[in-house]
Amino acid sequence: MEYKVTLLPGDGIGPEVVAAGAEVLRAVGEKFGHKFEMSEALVGGIAIDETGNPLPEETLEMCRSGDAVLLGAVGGPKWSDPLAPVRPEQGLLGLRKGLGLFANIRPVKLFPALADASPLKPEIVQGVDLVIVRELTGGIYFGKPQEKQVTPDGKREALDTMRYNEDEVARLLHVAYQIARQRRRKVTSVDKANVLASSRLWREVAHEVAAQYPDVESEDVLVDACAMYLMRRPAGFDVIAAGNLFGDILSDEASMLAGSMGMLPSASLGEKPADGGTWFGMYEPVHGSAPDIAGKGIANPLATILSVAMMLRTSFGLAEEADAVERAVEQVLVDGYRTPDIMSEGMKQVGTAEMTGAVVKRI
Ligand code: NAD
Ligand code: IPM
Ligand code: MN
């Protein structure tokens, strides 16, 4: 089979980790006899610099004409002036919306070899294996109006709108329950229903969906408490379903259970095709452009490499190939290879290229 993958390196460490992902895809192609045709397009800050637009129409079209997208990261200090007229992050939000990718699957799994890379005690992180299912095309990141204005008395004010309709909530919850059915059959729905109207709708709909999955255990947890439980009893979570904002925040927090932002992959998906064909998705590490380490060759590529594994399994149905990539990552960690973000005593510190090479060798 031949698969068309659009690479969107973006900014900061984005190009470094996407190069690693592409190398792994090539290695999988050689080993298993697939052809991955890869082409690159612009998004984010680099797209602003080159075209004035964080998401050129051409990029969106190239993504649409392919089978899957591998994204690095967008953004950085160069484009972060709060007064700037356009921002790199608009490119990413536009991609997700434009491609209809409403569900972002963020697995948080501790590789046993990394138990001491987490700042949390080993006995707390032991056995962590959860999935955050984050709503990705609604909520306060997309609600209108969103604006800054000057009030009649001359004060600047700004507002955002947190809006969800029942269909957006229901389809996200269905994804969460379907994933839970292939795991430990528990869904934690996260909201702030004690304060927000949008969260009360979320909870109402969550209960309606839960009733359709009597074989799955369901619970509601308020987002502030959830942030705390993630530190206190993270191994107790299976699937966490959350809106766009809450899922964003909780997943960065949860990354530390796995040792580093550099370990967290994700898949952004739309509706699953009924005919069982290619399920289009965008695969993106959870981390950002990491301006503090960009260009140094020390970024951890494993989040992106694990995102490639998700692509192989979810979009292309290549389970054996995905397993091979994940096993190679696990083996590299067992063999002691560590980028600086997950380094601990007695381990072998390496940069992005060496880590990627070590994974490729084990595929
Ligand atoms: P960040 O995730 O880029 O970095 C946070 C910290 O984690 C930094 O110390 C960084 O060095 C470290 N880190 C992140 N990824 C790493 C990796 N692969 N290996 C080793 N260390 C890693 O978050 P930030 O600094 O808050 O954001 C920087 C920029 O990235 C902002 O412009 C933000 O909007 C953007 N961002 C983009 C995405 C995306 O494109 N998907 C996601 C998050 C943030
Ligand atoms: C993420 C990022 C993005 C988000 C930003 C860069 C738009 O934080 O992918 O988690 O908020 O979704
Ligand atoms: Mn984020």
Side-chain angles (χ1 to χ4, degrees), residues 8-21 42-48 54-55 69-82 84 86-97 101-106 108 114 117 119 132-142 146 160 242-256 258-268 282-307 329 337-343 349-353 355-356:
L8 302 177
D11 309 314
I13 61 168
E16 301 168 46
V17 295
V18 165
L42 296 172
V43 70
I46 186 170
I48 294 177
L55 179 58
V69 179
L70 182 66
L71 173 99
V74 301
K78 183 176 177 193
W79 308 278
S80 293
D81 180 348
V86 282
R87 287 169 295 108
E89 290 79 0
Q90 293 168 325
L92 179 52
L93 297 180
L95 265 174
R96 292 167 175 168
K97 190 78 168 181
L101 307 172
F102 66 86
N104 184 214
I105 318 299
R106 301 185 152 184
V108 182
L114 286 186
I132 296 176
V133 180
R134 172 193 177 193
E135 201 290 325
L136 205 58
T137 51
I140 196 166
Y141 288 18
F142 289 91
Q146 179 189 65
D160 296 281
N244 206 339
L245 174 64
F246 299 156
D248 187 17
I249 297 170
L250 292 179
S251 50
D252 271 33
E253 183 194 11
S255 75
M256 296 317 292
S260 165
M261 288 292 288
M263 293 304 301
L264 241 57
S266 90
S268 301
M282 180 158 77
Y283 295 83
E284 27 176 331
V286 168
H287 64 72
S289 58
D292 52 336
I293 58 165
K296 296 187 177 159
I298 58 169
N300 186 343
L302 296 181
T304 307
I305 291 171
L306 292 168
S307 301
V329 168
Y337 290 82
R338 300 285 187 276
T339 43
D341 57 308
I342 49 172
M343 184 60 189
Q349 186 163 318
V350 295
T352 312
M355 182 63 111
T356 306

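Given the structure is predicted, the values throughout are model-derived calculations rather than measurements. We count ligands from 1, going down the list as the structure has it; atoms in each ligand are counted the same way.
Polar contact check, E89 against ligand 1: a nitrogen or oxygen pair lies under 3.5 Å apart.
Using a 4.5 Å heavy-atom cutoff, the side chains of D341 and M261 are not in contact. Taking 4.5 Å as the limit, every side-chain heavy atom of V18 sits out of range of all side-chain heavy atoms of L8. Within the 4.5 Å cutoff, no side-chain heavy atoms of T356 are placed close to those of E16. V133 places none of its side-chain heavy atoms less than 4.5 Å from the side chain of N104. A 4.5 Å side-chain heavy-atom check between T339 and Q349 finds every atom pair outside the cut-off. Between H287 and T304 there is a side-chain heavy-atom pair separated by less than 4.5 Å.
With values rounded to the nearest 0.5 angstrom, Y337 atom OH is found 12.5 Å from L302 atom CG. If you take CG on L245 and CD1 on I140, they are separated by 6.0 Å, rounding to the nearest 0.5 Å. One finds the OG atom of S80 at 9.5 Å from the CZ atom of R87 (value rounded to the nearest 0.5 Å).
When each atom of ligand 2 is checked for a heavy atom of R106 under 4.0 Å away, the hits are 1 (C), 9 (O), 10 (O). Close contacts between ligand 2 and E89 involve ligand atoms 6 (C), 7 (C) [criterion: under 4.0 Å to a heavy atom]. Of all the atoms in ligand 2, the ones that sit under 4.0 Å from a non-hydrogen atom of R134 are 1 (C), 4 (C), 9 (O), 10 (O), 11 (O), 12 (O). Listed by atom number, the atoms of ligand 1 under 4.0 Å from I13 heavy atoms are 15 (N), 16 (C), 17 (C), 18 (N). Each of the atoms 17 (C), 18 (N) of ligand 1 lies under 4.0 Å from some heavy atom of G262.
Contact analysis puts V286 in contact with ligand 1, with a non-hydrogen atom separation below 4.0 angstrom. Taking 4.0 Å as the cut-off, V17 does not count as a neighbour of ligand 1 on heavy-atom distance. Residue contact annotation: G76 has a non-hydrogen atom under 4.0 Å from ligand 1.
The option from S289, G72, G75 that lies nearest to atom 30 (O) of ligand 1, judged by heavy atoms, is S289. When the heavy-atom distances from atom 21 (N) of ligand 1 to I293, D252, L8, N300 are ranked, the shortest goes to I293. Scanning T304, L93, D292, T352 for the heavy atom closest to atom 11 (O) of ligand 1 points to D292. Closest heavy-atom approach to atom 14 (C) of ligand 1 within the set H287, M355, K296: this belongs to H287.
In this structure a side-chain-to-backbone donor-acceptor pair under 3.5 Å is present from T352 to A299.
Just one residue in the list E89, E284, E135 forms a salt bridge (Lys or Arg N to Asp or Glu O under 4.0 Å) with R96, and that residue is E284.
Contacts of P291 with ligand 1, taken as heavy-atom pairs under 4.0 Å, involve the side chain alone. Looking at R96 against ligand 2, only its side chain comes within 4.0 Å, counting heavy atoms.
Side-chain contact check for S289 and D11: no donor-acceptor pair (N or O, by modelled atom type) lies under 3.5 Å. One side chain, S251 or R106, offers a donor N or O that lies under 3.5 Å from an acceptor on the other.
The protein heavy-atom contact nearest to atom 36 (N) of ligand 1 is G288 CA, 3.4 Å. Looking only at protein heavy atoms, the nearest one to atom 7 (O) of ligand 1 is M261 CG, 4.0 Å. Closest protein heavy atom to atom 41 (N) of ligand 1: L92 CD2, 3.4 Å. Among all protein heavy atoms, the one lying closest to atom 3 (O) of ligand 1 is A290 N, 2.7 Å. Scanning all protein heavy atoms for the shortest distance to atom 2 (C) of ligand 2 gives D248 OD1, 4.2 Å. For atom 37 (C) of ligand 1, the closest heavy atom belonging to the protein is V74 O, 3.1 Å.
Considering every non-hydrogen atom in both A254 and I132, the closest pair reads CB-CD1, 4.0 Å.
Protein N/O/S atoms closer than 2.8 Å to the Mn ion (ligand 3), listed by chain and residue number, are D248 OD1.
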